[in-house]
Structure formats: structure tokens, C-alpha cells
Amino acid sequence: MNAESAGAVKFRVERDVLAEAVTWATKSLPQRPAVPVLTGILITADPAGSVQLSVFDYEVSSRVEIAAEVEAPGTLLVSGRLLADIAKALPNQPVTLERNGSKVDLTCGSSRFSLMTMPVDEYPALPTVPETSGVVSAGEFSHAVSQVSIATSRDETLPILTSVRVEIEGDTVTLLATDRYRLAVREFHWNPRTPDISATALVRGRTLADAAKAMGGDVEIALAESGGKDMLAFSSSGRITTSLLVEGDYPKVRSLFPKDVPIHAVLETAALREAVRRVSLVAERNTPIKFEFADGALTLRAGAGDDAQASESLPVEITGEDITTGFNPGFISEGLAAIDSPFVRFSMTEPKKPVVISGQQEIDGEYDSSYRYLLMPIIRF
């Protein structure tokens with residue numbers, strides 16, 4: 001441990017600033033750490049008047065810099081989750097942290113806490129942040145990630161499917177995610193540092209989602225090698241997230257999109273969302289909602305036999321023949337929630353074949369192909 005790390009660290013910071021920063025950083029703390037020090041949050045006070053809070057588990061790192069009155073610079077390592085819980089519970093007054101031997105004293109108004117420190121020299125060195133590959137607005141980035149991340153798998157035994165595939169070609173970025181039952185694809189434009197950039201990467205869906213939610217202003221995205229390993233980094237508003245890439249071959253999911261689609265149905269997005277929400281109330285776990293497209297109407301049905309039942313009809317513009325299919329209530333609800341156009345478009349081939357859901361500005365207008373949500377039907381009627 002160097003002299004600065006062992007010195008008498010002391011700084012003062014606003015309570016809300018500390019709580020927000022610690023809460024964000026500790027979201028990436030590992031659930032099952034390889035070594036105890038990985039449960040800690042590294043606190044580095046700079047004499048220039050800033051404090052950096054860092055979390056790293058050898059794969060994902062989170063760093064945030066906040067303004068503070070630094071009286072004595074240095075580095076501390078304390079329990080991340082404990083500090084987060086304490087920071088959120090403090091009164092709305094300035095907070096002072098000061099090293100006191102092997103402990104850290106935290107003072108806020110009349111509240112006093114004493115936390116044990118961990119050995120800083122046992123904490124892994126933080127990864128070097130690669131140079132920026134391109135920039136995108138935080139709003140565009142966050143929205144795109146939220147639309148795609150709903151389709152990532154929750155099954156940790158299949159790490160490839162818990163990730164999002166990032167494809168970069170010039171000024172276009174494409175995000176893809178699938179859990180085998182659905183597929184979400186979103187394209188957006190960014191400002192690349194190199195116009196002819198071409199790259200692909202697999203990044204953990206949860207890491208990507210957490211990073212996107214916390215960004216503001218412009219987001220700098222970096223895809224490069226750091227320390228001998230491929231890495232993706234996101235930087236914005238004093239917050240930095242880095243993640244090693246997931247290794248493996250992503251399934252060739254683009255082939256799932258049908259080439260010829262003879263049936264199209266367009267209806268109001270908000271009305272369909274609400275109808276699905278109501279009808280889903282009687283749908284048993286893992287039983288589908290029936291979608292009947294016929295005679296200028298979509299009729300939703302759920303429940304059967306002696307169980308509770310529900311139905312609701314909505315006007316729809318149909319091109320092609322009538323069709324009846326069915327969807328998992330949760331999957332169709334999440335897909336509709338990701339559509340931000342006034343109208344939603346269903347593109348279908350056969351009752352048991354995948355359905356492509358996308359947005360459309362008006363009944364007779366062009367549909368928005370920047371976001372497509374492909375969903376496998378469930379036929380159990």
C-alpha cells in the first residue's frame with residue numbers, strides 16, 4: 001500500500017450526491033465474489049477536489065466521479081452495499097468521511113457510523129478505458145437498449161443468450177437480443193470517430209441496461225482491446241462502465257425474419273396495450289392470449305373451460321387473409337411497451353410461424369423498421 005493510500009483520508013460531500021453515486025456504482029457488485037475485497041467500493045479522494053468511487057470484479061467495472069471538499073487525499077476500501085445502505089438512510093446534510101486507523105468514520109448531522117476498511121493493496125487494478133470509438137445521445141442510446149434488453153435470456157447457464165450483440169457498421173449501430181422465444185432488433189445512428197468502422201461485440205444484457213439507464217448528455221462508446229482482452233466501455237457525465245466481452249458465437253438469428261409476409265394488421269398501440277393488460281388478468285401462467293384477426297377486428301381471448309375468461313375486440317386494418325394465433329401474455333406485453341409509435345403493425349405468415357411486430361406512424365403510412373420484435377406464437381386452443 002502506498003503512502004497516500006495509508007494516509008489520513010478526509011473529505012466532505014453532499015448527502016444526495018454521495019448516495020446517488022454509491023447506489024449506482026454498487027449495482028455492479030458481484031453476487032458471488034471470488035475474493036472478499038470484491039464486495040468493496042474503492043474510494044479515491046483527489047486533492048483537486050473530486051472523489052472517485054469504483055467497483056470492479058475482473059469483468060465489469062463502474063466508476064463515478066463526484067465533487068467534494070477534500071481535506072486529506074488518499075484511497076479507502078469499504079463494504080459497498082453497507083455504504084450504499086447507510087448513504088441512502090442519512091439525513092439531508094453534508095457527509096464527512098475520515099480515516100481513523102483501520103476504520104472509516106462517517107458523520108452526517110448527528111448520525112455517526114464507523115466502518116471497517118479492507119486492504120486496498122489486495123484490490124485488483126482498474127482496467128484502462130479504451131479511446132472513444134463514437135458518440136450517441138444518451139436518450140437515443142437508453143431507449144434503444146431498453147427496447148432490446150427485454151429479449152435477453154435470464155438463464156445464466158446460456159451466457160451467450162444473456163448478452164446483447166452489438167454490430168457497428170459506419171454510422172449505424174444495431175443491437176440484437178434473443179431468448180429463443182423472441183428476438184428484438186434495434187438500429188440507431190451515432191457519430192463514429194472513424195467513418196468506416198466495422199465491429200461486432202457481445203456484452204452482458206444486464207450490464208448494458210444498467211449503464212444505459214445511468215447516462216446523460218452524450219454517451220461515448222469505446223470498443224477496443226485493453227490489457228490483452230476485448231472490452232466495451234461507456235462514458236457519460238462522470239460515469240464510466242467497462243465490460244469484458246462475452247466469448248462465443250451468437251446464433252444466426254436474422255434468418256428468423258420471414259422473407260415474404262402476406263398478412264399485415266395495423267391498429268392503435270395504446271388501445272392494444274390496455275386490452276392485452278385487461279385480458280391478461282385471467283390468463284393462467286404460461287397459457288396464451290388468443291389473437292383473432294378477422295372481419296376488420298382483432299379479438300383477444302384468454303381463459304377456458306371452468307376458469308375465468310375474458311375477451312375484447314379492437315378495430316384493425318387487415319391486409320391478407322384472416323388469421324388466428326396466440327402469444328405469451330408477458331412477452332406480448334413487453335413487446336408492445338417497447339413500441340413508441342401511435343400504431344403497431346403485425347406482419348404474419350401462418351398461425352404457428354413467427355410474427356414480426358413493429359411501429360407505424362399512421363394506418364396507411366410506412367412502418368418503422370428501426371425496431372422489430374419477432375415473437376414465436378403459442379397455439380393451445
Just by modelled atom types, is the [Y] backbone N or O under 3.5 Å from a matching donor or acceptor in the [X] side chain?
X    : Y    : value
H189 : D171 : yes
T23  : E20  : no
T269 : P342 : yes
R204 : L244 : yes
S142 : G139 : no
T26  : V22  : yes
Y371 : Q147 : yes
S333 : P329 : yes
S50  : D46  : no
N100 : K103 : no

Any ion pair linking [Y] and [X] (charged N to carboxylate O, less than 4.0 Å)?
X    : Y    : result
R12  : E71  : no
R193 : E131 : no
E65  : R63  : no

Should the heavy atoms of other residues, nucleotides or ligands under 6.0 Å from CD of E247 be counted, would the total exceed 12?
->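 No, because the 6.0 Å sphere around CD of E247 holds 12 heavy atoms or fewer from other groups.
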For atom CZ of R206, decide whether the heavy atoms of other residues, nucleotides or ligands shown that lie under 6.0 angstrom number more than 12.
->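 It does not: R206 CZ has 12 such atoms or fewer within range.
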Nearest atoms (heavy-atom pairs only) where [X] meets [Y]:
X    : Y    : answer
A302 : V282 : O-CG2, 3.7 Å
G205 : V164 : CA-CG2, 4.0 Å
A338 : I150 : CB-CD1, 4.2 Å
L202 : I160 : CD1-CD1, 3.7 Å
M376 : R180 : CG-O, 4.3 Å
R186 : A144 : CG-CB, 3.6 Å

Heavy-atom check, side chain of [X] versus side chain of [Y], under 4.5 Å:
X    : Y    : value
F113 : V95  : no
V316 : V266 : no
L126 : S54  : yes
V166 : L176 : no
T96  : F11  : no
T172 : F188 : no
R99  : K10  : no
T324 : F293 : no

With ring pair (Phe, Tyr, Trp, His ring centres under 6.0 Å) as the test, would you mind laying out the steps for F56 and Y123 before giving the verdict?
-> CA-CA 9 Å; F56 183 40; Y123 202 75; 7.3 Å; no
From CA spacing to verdict: salt bridge (Lys or Arg N to Asp or Glu O under 4.0 Å), E312, R301 | CA-CA 7 Å; E312 187 165 340; R301 302 185 191 276; over 6 Å; no
Any donor-acceptor N or O pair under 3.5 Å, side chains [X], [Y]:
X    : Y    : answer
S153 : D155 : no
T299 : S313 : yes
S370 : R372 : no
E169 : S198 : yes
E220 : S235 : no
S61  : T242 : yes

From [X] atom [atom1] to [Y] atom [atom2], the distance as rounded to the nearest 0.5 Å:
X    : Y    : atom1 : atom2 : answer
L375 : N328 : CG    : CG    : 7.5 Å
S255 : L183 : OG    : CG    : 9.5 Å
S358 : H264 : OG    : NE2   : 9.5 Å
K27  : T241 : NZ    : OG1   : 10.5 Å
L115 : L76  : CG    : CG    : 10.0 Å
I323 : I263 : CD1   : CD1   : 4.0 Å

Audit row: T174, R254, side chain to side chain contact (heavy atoms under 4.5 Å, CB included) steps and yes/no = CA-CA 12 Å; T174 304; R254 290 185 182 276; 3.5 Å; yes
F291 vs F327 aromatic rings, parallel, tilted or perpendicular, using cut-offs 30° and 60°?
->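 Judged by the thresholds at 30° and 60°, the geometry between F291 and F327 is perpendicular.
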List the steps and the verdict of side chain to side chain contact (heavy atoms under 4.5 Å, CB included) for L223 and I168.
-> CA-CA 10 Å; L223 177 60; I168 301 173; 4.3 Å; yes
Using residues 85-94 as the side-chain source, report each donor-acceptor pair under 3.5 Å to any protein atom, sequence neighbours left out, with the distance given to one decimal.
none

Do the side chains of [X] and [Y] join up, straight or via other hydrophobic residues, at under 4.5 Å, putting them in one cluster?
X    : Y    : result
I379 : V356 : no
V55  : V104 : yes
I357 : I318 : yes
W24  : L208 : no
V60  : L232 : no

Dump the intermediate steps for side chain to side chain contact (heavy atoms under 4.5 Å, CB included) on L38 and Y58, then the final yes or no.
-> CA-CA 9 Å; L38 297 185; Y58 294 107; 3.7 Å; yes
What residues, two or more places apart in sequence or in another chain, satisfy ring-ring contact (aromatic ring centres under 6.0 Å, His included) together with F141?
->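 Scan of F141 (ring-ring contact (aromatic ring centres under 6.0 Å, His included), adjacent residues dropped) gives F234.
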Run the side chain to side chain contact (heavy atoms under 4.5 Å, CB included) check on M348 and K353 step by step: do they pass?
-> CA-CA 8 Å; M348 300 166 280; K353 294 293 181 67; over 6 Å; no
